[in-house]
Amino acid sequence: MFLTDFHTHSSCSPDASSSMLQMALAGAEKGISVMCITDHVDIDDFMTGNARSDCFGNWEEMRRQFGEAKEALKDLIDLRLGIEFGEANHASASHIEAVTSKKLDFIIGSIHNLRGYPDFFCIDYKSASQCENLVEKYVEEHFELVRLDCFDVIGHLGYTRRYMKRAGYDIGLGGHTERIKELFRLIRDGGKGIELNTSGLRDGTGSAFPELGVLKLYRELGGEIVTTGSDSHRPEDVGKNLEDGMELLREAGFRYFTVFKERKPEFIKL
Ligand SMILES: [Zn+2]
Ligand SMILES: [Zn+2]
């Protein structure tokens, strides 16, 4: 099976500690054909949700590690360099320009916190209505994001369920179908895509991000660009549940999935 992992983190992310070489080696050992390292470049401070001044990523170290890993594993894996651009909808136009002008293969656009709120990981969830309210705001902020030409796919849509479920509130995207359909039309018409993030299949959530029903909606609305990613932050998680993810794509009606090179999509038969 042709496996691709387009969401992985190295020590160039604040929440991971393995080198790109270690991550890519794990990918090669697991039989992944094409892999993209997508370290965090987040606009907001994790705790406050306010924009940081040092949000541009450690580009020099990224390039150094990427060059080292690519050269060492050139016969084993097709390695690409991307980023996970967090909260781009909170960034100024010049911040966005500074990030998107970098030479990259791929950009995931993710929202990890609402404007002025801490990361979803840090919120104290106390009621189902509070969760529903936060999910509604989360969906709405994606409309700001999709208007910006600064990403290739939307990251882990609906991953808020991970943290809410841990707090005892199993709340997905089910209450927001009509808005999500509108969002998917904008994504489709803008030539952008979504990712199928398999981390939810190993972290106790019990579903991928987005969940199958939402993935089906995207396909039914003509969505074609979809990447697969483990969102691994350590070598042992590289490639995890990718085969399950590909099965979900088939179930949702996809016949192709996508990888990116120099920000351009390439389609691979499922
Ligand atoms: Zn993320
Ligand atoms: Zn990530």
Side-chain angles (χ1 to χ4, degrees), residues 4-20 22-24 26-27 32 35-47 49 52 55 57-58 62 65-66 80-91 99 104-115 117-123 134-135 138-139 141-142 145-146 150-166 173 192-205 207-211 226-242 245 260:
T4 69
D5 195 339
F6 263 60
H7 195 149
T8 64
H9 295 273
S10 78
S11 58
C12 293
S13 289
D15 54 355
S17 58
S18 301
S19 67
M20 288 190 195
Q22 288 171 309
M23 294 298 284
I32 289 167
M35 174 167 163
C36 189
I37 309 272
T38 54
D39 281 307
H40 285 289
V41 175
D42 292 336
I43 292 296
D44 288 344
D45 177 83
F46 187 72
M47 291 304 294
R52 309 184 317 179
C55 60
N58 190 351
M62 275 191 213
Q65 285 204 27
F66 182 69
R80 300 182 187 179
L81 183 65
I83 56 164
E84 182 176 12
F85 193 6
E87 298 76 58
N89 57 315
H90 302 171
V99 173
L104 294 165
D105 290 307
F106 180 53
I107 299 180
I108 302 171
S110 294
I111 293 178
H112 300 106
N113 62 271
L114 303 172
R115 188 176 283 99
Y117 283 71
D119 191 285
F120 281 107
F121 172 74
C122 302
I123 291 179
L134 289 168
V135 173
Y138 168 76
V139 170
E141 281 212 10
H142 282 83
L145 182 58
V146 299
C150 67
F151 69 94
D152 300 309
V153 302
I154 293 286
H156 49 59
L157 190 65
Y159 92 126
T160 41
R161 187 177 185 183
R162 173 194 293 160
Y163 306 118
M164 293 177 181
K165 191 169 178 182
R166 280 180 196 164
L173 297 170
K192 308 294 185 191
I194 64 170
E195 71 160 349
L196 181 65
N197 184 306
T198 63
S199 66
L201 298 172
R202 67 172 189 274
D203 69 5
T205 309
S207 62
F209 308 124
E211 58 209 53
V226 60
T227 57
T228 56
S230 64
D231 209 347
S232 47
H233 286 67
R234 35 183 212 167
E236 53 267 46
D237 288 335
V238 175
K240 275 245 177 100
N241 300 102
L242 283 181
F260 278 81

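The shown structure was predicted, so the numbers you read here are calculated from the model rather than taken from an experiment. Just follow the structure's listing: the first ligand is 1, and inside any ligand the first atom is 1.
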Rounded to the nearest 0.5 angstrom, the OG-CZ distance for Ser10 and Arg234 is 15.5 Å

Only one of Arg202, His9, His7 passes side-chain contact (heavy atoms from CB on, under 4.5 Å) with Ser230, and that residue is Arg202

- Say whether His40 and Asp15, considering side chains only, have a donor N or O and an acceptor N or O under 3.5 Å apart. yes

Quiz item: Does the Gln65 side chain pair with the main chain of Ser19, one donor and one acceptor, at a distance under 3.5 Å?
Solution: no

Between Glu84 and Ser13, does any side-chain donor sit less than 3.5 Å from a side-chain acceptor? no

Sorted by chain and residue number, the side chain to side chain donor-acceptor pair (under 3.5 Å) partners of Asp45 (sequence neighbours excluded) come out as Thr48

Within the 2.8 Å cut-off the protein N, O or S neighbours of the Zn ion (ligand 2) are His7 NE2, His9 NE2, Glu84 OE1, Asp231 OD1

